[in-house]
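This one's a predicted model, so the numbers in the text were calculated from it and none came from an experiment.
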Amino acid sequence: MEFSEEALRKRLGKYKFRDLTIEELKNVNKTYPNFTFSMNTYTFKDGSQKDLLNFSGTVPVKYGNSYNIPIHLWILDSHPFAPPICFLKPTVNMGILVGKHVDAHGRIYLPYLQNWSHPKSNVIGLIKEMIAKFEEELPLYSLSSSDAARQSELLSYIAKITEGETDMKSKSKTGGGKNEGCFNKITVVGAGDLGIACVLAVAAKGAADKVVLLDISDGAAKGGTMDLEIFALPNVEISKDFSASADSKVVVLTVNSLGNAQTYLDVIQSNVDLFRGIIPAISHYSQNTVLVVASHPVEIMTYVSWKLSAFPKSKVIGVGANLDTERFQYILRNLLKAEALAKDAWIIGEQGEDKVPSWTSCNLVANQMEPMAACNSREKVANRAMEVLKGKGQRSWSVGLSVADLTDSILKDKRKVHSVSILAKGCCNINSEVFLSLPCILGTNGVIEMVKLEEDPLVQEKLQSSAGSIHDLQQQLKL
């Protein structure tokens, strides 16, 4: 459709910031009058659909000669606080050159998208960076006639805007065929206190051959990031480019939005919007990685990471109650001298006040007490341990140590049991897609299997309650 403010205002009825969006699109139309606007259905990775404003046209690129590169931008209903979703729109005679900023399906990844922040970021600025990056690395090439039929199949795929694996082959500039062998690389996303703590703990653990700290904040290096650059650590790289994360065995997510959200739901939505610009880029560069989520709230952000990445559930975990479990077992073993209890004790459920102790074995008492007496004794000791545990905060460095423990188990395929946030659907009569901490065995490919817990009606009731509240929050989020 032709640009019409009145028509757009009617079509954007469900957009949260309609006036801001229209004002920005006016500027786009003035600068690029060849763009055409329409409302169409976009299909997200999780299969959900939404009617979104989108526009397509060409941008001028000089790469020796002058080229008009066709692009297609989708404007989310949370615009301008969330970045557009960008694709190339090649004709049947064009092929996609997979590179640093473009994947095989034509989706465009740029630092500008990853660092999107209103009001500093806008569509005009995005297109300017797009042109600059395309002038460094042309995203399209001319097809021979024999390739045209195959290209039409890819174009049909792109037109449906569905994402996932495809058998289509395209020319690659990324060296994707290189065999990384046993090279153990970990990327930590987020250069705040938690991200830096994770880098230091993982590096100290020694399991990784290389640790990349992906700093997605604006501006030059600050604080701890600057110190890491000054006192350069061996095998640690600091980067602002998502391509530096390529072929990571594990990616740790520590970022949290620092926006001005007023309600708890707004805070979570801000994090979701932040992850929209991160997870697709991470999954593009490291398609076989295991995602370890440390962002808050960990259960919901692990769910969001799973949905946005479209990874198997075994490859997306949250740090969950790993730290609390290790502390709980330590308190039982060393402070309360209950060694027999400690080896079967776990903290499960929701991180925070609603976490609960649980057990993987009934064989808990060294002396020959009756089962009822054994349970009463165990409950008293567990309550004492939980009281001690409540006084322990979750500081960045302690969470970093917990993350290093998890990545060590994954990289070394230790098959060690950890209480981490996993998809809990099907456990304890939970029917919704929520992530809760449960003990499971971790290996190279993430979760190998869940460890069976002792049946306890009270524990199951608490887990179901947590699952219900988490699911209610998730239903209010816009992915």
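Annotation: side-chain hydrogen bond (donor to acceptor under 3.5 Å, both in side chains) contacts of Ser243 (sequence neighbours excluded): Asp241. Legend: residues meeting side-chain hydrogen bond (donor to acceptor under 3.5 Å, both in side chains) with Ser402, ordered by chain and number and at least two apart, are Asn322. Looking at residues two or more places apart in sequence or on another chain, you find a salt bridge (charged side-chain N to carboxylate O under 4.0 Å, His left out) between Glu23 and Lys26. Under the rule for a side-chain contact (heavy atoms from CB on, under 4.5 Å), the partners of Leu200 that lie at least two apart in sequence or sit in another chain are Ile196, Leu228, Leu233. Among residues two or more places apart in sequence or in another chain, the side-chain contact (heavy atoms from CB on, under 4.5 Å) test is passed with Tyr67 by Tyr63, Asn65, Ile69, Leu138. Applying the side-chain contact (heavy atoms from CB on, under 4.5 Å) criterion to Asn40, with sequence neighbours excluded, gives Ser38, Asn54, Trp74. For Asn431, the side-chain hydrogen bond (donor to acceptor under 3.5 Å, both in side chains) test picks out no residue, with sequence neighbours left out. The side-chain hydrogen bond (donor to acceptor under 3.5 Å, both in side chains) check on Ser248 picks up Thr187, with sequence neighbours excluded. Listed by chain and residue number, nothing satisfies the salt bridge (charged side-chain N to carboxylate O under 4.0 Å, His left out) test with Glu24 (two or more places apart in sequence, or in another chain). Among residues two or more places apart in sequence or in another chain, the salt bridge (charged side-chain N to carboxylate O under 4.0 Å, His left out) test is passed with Asp405 by Lys416. Listed by chain and residue number, nothing satisfies the salt bridge (charged side-chain N to carboxylate O under 4.0 Å, His left out) test with Asp51 (two or more places apart in sequence, or in another chain).
Considering only heavy atoms from C-beta on, Leu265 comes within 4.5 Å of Leu477 through its side chain.
Between Asp209 and Lys185 there is no salt bridge, since no side-chain N of the basic residue sits under 4.0 Å from a carboxylate O of the acidic one. A salt bridge between Asp215 and Lys240 is present, with a side-chain N of the basic residue lying under 4.0 Å from a carboxylate O of the acidic one.
A side-chain donor-acceptor contact under 3.5 Å links Gln49 and Thr43. For His418 and Thr325, the side-chain atoms include no donor-acceptor pair closer than 3.5 Å.
Here Phe17 and His79 keep their ring centres 6.0 angstrom or further from each other. You'll find the ring centres of Phe435 and Trp306 inside the 6.0 Å limit. Annotation: Phe81 is in aromatic contact with His118 [ring centroid separation under 6.0 Å].
Aromatic ring pairs are classed by plane angle as parallel below 30°, tilted from 30° to 60° and perpendicular above 60°; the pair Phe35 and Tyr32 is parallel.
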Which pairs of donor and acceptor atoms, one on a side chain in residues 465-476, lie under 3.5 Å apart (sequence neighbours left out)?
unit_1: Ser466; atom_1: OG; unit_2: Glu350; atom_2: OE1; d: 3.0
unit_1: Ser466; atom_1: OG; unit_2: Lys462; atom_2: O; d: 3.4
unit_1: Ser469; atom_1: OG; unit_2: Ser465; atom_2: O; d: 3.4
unit_1: Ser469; atom_1: OG; unit_2: Ser466; atom_2: O; d: 2.9
unit_1: Gln474; atom_1: NE2; unit_2: Glu433; atom_2: O; d: 3.1
unit_1: Gln476; atom_1: NE2; unit_2: Asp472; atom_2: O; d: 3.3

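Between the side chain of Gln464 and the backbone N or O of Ile430, no donor-acceptor pair lies under 3.5 Å.
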